[in-house]
Each structure stands twice: as C-alpha cells, then as structure tokens.
Amino acid sequence: VREYGAERYNLARGRALPYLDFVLDRSVKGRSLANSMQKAEAIEEVLPVLSLIKNPIHKRTGFDQAVNFLRIEDSGLKGELWTAVKNGGKIGADAVRRQVKRASRAKLTVAEQHLLELLVYDPELRAHILPMLEETDYERLATAAVFRAFFEFDSLKKPLALDSLMEYVIDDEVLSDFVPILMMTEPKREPGEAIDAVFHDAENCIFTLRSMAISDRILEVSQELIAEERAGRSARVNELVHEHLDLSRMKQEMISKIVES
C-alpha cells in the first residue's frame, strides 16, 4: 500500500483467489489424488481450515467444495470427515490415511482379472503380451503387484507357483484372497492349440486397461487445469490444454481399437 497505493492494492486483492481455493490448490500441488497416501496428506491439510469456518452454512459449502475438489466419493469417508469438521475436531493423521486407503482401494476390474487368467498358465502368451504392457497400464490397478510379479518371474525364467506368488501380495488382504483363486483357474487354451484367439483376447484387455489409465490421467489434468487457470498461470494452462487434447485423442484411438476388434 505504501509503495503502490490503495488502488493497486485493491486491484491485486480483487484478483486474488478465495482463501479456500488457495488452500485446495496448495494441498494437491506436487501430489496425485490417484495415490491414496498423497490424497490422505492433501485431506489432512484441508481439514483444519474447514474446521475453523464459523458460519455453519459456509462450513458445509466449503466442505462440499473440498470433497468435490479432492475427489472423495466414498459415502462412509465423507460422513466421518464431515463429523470431524462439523465438531471442530481433528482426525489423527493415521486414521485419515487408513480411511482414505480403504476408500481409495482400486476395485478389481473384469479386464485385469481376465488378462491375468489368460497369462497365468501360458508362458508363450506371456512372452508376447508382457512386452506390450506399459507400467502405466497396470500401476494403479488392484492387481498391480501381481503384474509386477509376472514380469519378475518371466525375467528370471522362474515358473509361476502359488507360494512364491503369495510372497508378493502377503501384505494385501484382497490380493491374498485373489491369488489362490487365480491359481485355481483352468488354462485358457489346450497344449498345441493356436495362440491367435487368446492373443486377440489379451490384446483387447490391454486396450481396455490403457483406456482406463488414460481416463484417470485426463481427470488429473482437468483438475490441475482448473487450479492453474485460477492462479493465472497461462503458460502452464496451455501445456495442460495440449496434454488434455493429446490424451483425449489417445483415448479415442483405444476405444476405436476395442470396437474394431
């Protein structure tokens, strides 16, 4: 104010982000909401600010804004967080992380399960399909640890076995139940049978998983785009717009491949 006067001050103030928008933008800076730990950290940063809002209507409006921004969809988690915010209390960091991890746990999809069933007893098919898989295709899947195990076993030329595969998922309750069921599935082709049909089937699964991964990234880019637009960082906005367009084109290509097959 001393240097530029009240007019410049009021102009800057008028362009400033509302405080909650600023807090939300900062909470996700350098974090991915697809990562349950980073999402929990963002929620931990925002909760105390929401708890300090005195007006109950503003508090509820701010909470709803934060829930949408942070992509909190689980109704149980929403209820627990709202109770804490409404009462002005705090949820311990460990409790938030446990709740977010539970709510954010990836659901087992038909495509990933079917792909693993195709691969588990078919080394020849794995030799064709694993090189086609990119880490981004499976890194956010519920079965990511199983895919990583497949890659490691094949690189070491070790046969897949229940005991050794269980070592990769011992800390995951869902996968600890899933892997024995996977190992009990029947091979998807008979010895000596042509590989064409199962290869085509596996390829379709990859296209589906890749399309899902692209959709997740599109959501992240859209959210970052909103934050950068609000902050007035036009150069970054342009980068994100181009990335969004590229991703949308890639997704359409994946959908076309699935339809054609």
Side-chain angles (χ1 to χ4, degrees), residues 32-36 39 71 73 104-155 157 160 165 168-169 172 174-175 178-179 181-183 185-226 237-261:
S32 169
L33 294 179
N35 181 298
S36 60
K39 185 171 186 173
R71 304 212 307 261
E73 299 172 353
S104 302
R105 179 183 291 278
K107 305 299 187 292
L108 189 67
T109 65
V110 173
E112 65 187 289
Q113 180 171 344
H114 187 52
L115 181 55
L116 289 169
E117 289 172 353
L118 288 166
L119 297 175
V120 65
Y121 289 121
D122 198 329
E124 183 184 357
L125 182 62
R126 289 201 302 273
H128 288 285
I129 291 298
L130 291 183
M132 295 173 60
L133 272 169
E134 299 174 5
E135 188 174 2
T136 51
D137 295 332
Y138 61 84
E139 65 181 352
R140 296 181 183 180
L141 298 178
T143 56
V146 181
F147 279 99
R148 292 190 192 99
F150 276 27
F151 275 100
E152 186 165 336
F153 276 60
D154 271 37
S155 68
K157 301 191 183 309
L160 287 173
L165 195 54
Y168 287 79
V169 300
D172 190 305
V174 173
L175 291 183
F178 169 73
V179 166
I181 296 172
L182 174 65
M183 299 300 289
T185 59
E186 295 292 329
K188 299 304 179 183
R189 67 181 179 122
E190 298 296 328
E193 184 181 349
I195 199 173
D196 302 53
V198 290
F199 177 83
H200 179 71
D201 208 0
E203 192 177 40
N204 277 344
C205 290
I206 293 177
F207 293 154
T208 300
L209 295 177
R210 192 162 296 166
S211 177
M212 290 163 46
I214 292 171
S215 294
D216 287 343
R217 179 56 187 158
I218 287 173
L219 280 174
E220 290 181 353
V221 170
S222 297
Q223 187 153 26
E224 188 178 351
L225 185 56
I226 292 171
V237 167
N238 288 334
E239 291 176 5
L240 291 168
V241 167
H242 286 302
E243 183 177 357
H244 196 286
L245 290 172
D246 289 341
L247 289 167
S248 298
R249 176 183 51 77
M250 291 167 60
K251 182 178 179 181
Q252 191 56 50
E253 288 175 357
M254 286 297 105
I255 293 172
S256 298
K257 288 180 178 180
I258 295 169
V259 171
E260 288 171 2
S261 60

Between the main-chain N or O of [Y] and the side-chain N or O of [X], is there a donor-acceptor pair closer than 3.5 Å?
X	Y	value
Tyr121	Thr185	no
Asp137	Glu134	yes
Glu117	His114	no
Glu112	Thr109	yes
Thr143	Val146	no

Can you check whether [X] reaches [Y] side chain to side chain, under 4.5 Å on heavy atoms?
X	Y	answer
Leu118	Phe199	no
Val237	Leu240	no
Glu220	Arg71	yes

Does the pair Leu141 and Met212 meet the rule for a side chain to side chain contact (heavy atoms under 4.5 Å, CB included), with working shown? CA-CA 10 Å; Leu141 298 178; Met212 290 163 46; 4.2 Å; yes

The side-chain contact (heavy atoms from CB on, under 4.5 Å) partner of Ser211 among Glu253, Lys251, Met250 is Lys251

Which distance, rounded to the nearest 0.5 Å, do you find between the [atom1] of [X] and the [atom2] of [Y]?
X	Y	atom1	atom2	value
His244	Leu219	NE2	CG	8.0 Å
Thr208	Ile255	OG1	CD1	10.0 Å
Leu165	Leu182	CG	CG	7.0 Å
Met254	Asn204	CE	CG	11.0 Å

Could you check whether [X] pairs with [Y] (Lys NZ or Arg NE/NH1/NH2 to Asp/Glu carboxylate O, under 4.0 Å)?
X	Y	answer
Arg217	Glu243	yes
Lys188	Asp122	no
Glu124	Arg189	yes

Give the intermediate values and the outcome of salt bridge (charged side-chain N to carboxylate O under 4.0 Å, His left out) for residues Arg210 and Glu135.
CA-CA 10 Å; Arg210 192 162 296 166; Glu135 188 174 2; over 6 Å; no

Problem - Phe147 and Tyr168 aromatic centres sub-6.0 Å - result: no

Requested in this report: Taking the six-membered ring for Trp and the full ring for Phe, Tyr or His, determine whether the centres of Phe150 and Tyr138 are under 6.0 Å apart.
Outcome: no

Minimum-distance pair of heavy atoms, taken over all atoms of [X] and [Y]:
X	Y	answer
Val241	Leu225	CG2-CD1, 3.9 Å
Gln113	Leu108	OE1-CD2, 3.3 Å
Leu160	Val120	CD1-O, 3.3 Å
Ala111	Cys205	O-SG, 3.7 Å
Leu116	Phe178	CD1-CE2, 3.9 Å

- Can Leu209 and Ile206 be said to form a side chain to side chain contact (heavy atoms under 4.5 Å, CB included), step by step? CA-CA 5 Å; Leu209 295 177; Ile206 293 177; 5.8 Å; no

For the residue pair Glu152 / Ser155, report whether a side-chain donor-acceptor contact shorter than 3.5 Å exists. no

